[in-house]
Amino acid sequence: MEPARGDVAMLVLAAAGAAVAGIQDNLQRSGFRDVRPAHGFAFVRIAQGDATALDVAEHLAISKQAAGKLVDQLVDRGYVVRTHDPSDRRRRPLQLTQRGRACTGAAEAAAQQVVNSWQDRLGADGVVALRNLLQQLDLSGPIRPAW
């Protein structure tokens with residue numbers, strides 16, 4: 001019996017939610033208790049380089065004001081610094097600090113732990129098959145929460 005199309009969509013959403021929750025739990029255990037999933041999605045854009053708060057807003061599909069508050073939190077918590085663009089004094093590019101890089105590294109390790117737990121249930125071949133099937137969907141685009 002073929003699964004209903006809505007069932008597949010719900011399972012993919014549930015898997016994404018489980019991945020985010022697993023990463024968050026593992027980050028908490030790694031000592032990064034002051035970051036939330038929204039911060040992690042902002043880190044994705046900031047880590048790419050040459051990002052401003054406006055770029056974070058566009059990446060997350062949120063208002064400039066909301067992105068500004070999010071960036072302020074990251075600056076206040078020591079994960080990000082605002083730098084100066086020598087060619088445009090108004091532009092304030094963001095840069096990960098050592099703590100920010102440590103957090104993104106811990107998030108990558110946390111994501112691997114989530115995949116490892118899936119591999120325990122699906123087997124290595126199952127995870128490879130899942131990855132290959134998802135790659136066929138061409139899910140390019142920003143990695144951001146579904147607000």
[X] vs [Y] side-chain heavy atoms within contact, under 4.5 Å:
X	Y	answer
Ile46	Thr104	no
Asp50	Arg91	yes
Phe41	Leu70	no
Arg131	Gln135	yes
Gln73	Arg36	no

Single hit among Val71, Asp55, Leu74 for side-chain contact (heavy atoms from CB on, under 4.5 Å) with Leu94: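 Among the candidates, only Val71 passes.
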
Show your reasoning for whether side chain to side chain contact (heavy atoms under 4.5 Å, CB included) applies to Leu96 and Val80. CA-CA 4 Å; Leu96 293 176; Val80 171; 4.0 Å; yes

Give, for atom [atom1] of [X] and atom [atom2] of [Y], the distance between the pair rounded to the nearest 0.5 Å.
X	Y	atom1	atom2	answer
His84	Arg90	NE2	CZ	14.5 Å
Glu108	Leu27	CD	CG	10.5 Å
Gln113	Asn26	CD	CG	4.0 Å

Looking at [Y], is its backbone amide N or carbonyl O close enough to the side chain of [X] to form a donor-acceptor pair, meaning the two atoms are under 3.5 Å apart?
X	Y	value
Asp25	Gly22	no
Thr97	Arg99	yes
Arg92	Thr83	yes

Answer yes if [X] and [Y] sit in the same cluster of Ile, Leu, Val, Met, Phe, Trp and Tyr residues linked by side chain heavy atoms under 4.5 Å apart, and no otherwise.
X	Y	result
Val75	Val44	no
Leu133	Met10	no
Val81	Val56	no
Leu139	Val128	no

What are the two closest non-hydrogen atoms of [X] and [Y], and how far apart are they?
X	Y	result
Ala106	Phe32	CB-CE1, 3.6 Å
Ala51	Arg45	CB-NH1, 3.6 Å
Ala67	Ala53	CB-O, 3.5 Å
Phe43	Cys103	CE1-SG, 3.7 Å

Donor-acceptor side-chain pairing of Asn116 and Gln112 below 3.5 angstrom: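 Result is yes, a qualifying pair exists.
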
Answer with yes or no whether the side chains of Ser117 and Asp120 bring together a donor and an acceptor at under 3.5 Å.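 Judged by distance alone, the side chains do not pair up.
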
Hey, are Asp72 and Arg82 close enough for a salt bridge, meaning a charged N less than 4.0 Å from a carboxylate O?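 Salt bridge between Asp72 and Arg82, a charged N being under 4.0 Å from a carboxylate O: yes.
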
Atom CG of Asp125: over 12 foreign heavy atoms under 6.0 Å: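 Incorrect, the count does not exceed 12.
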
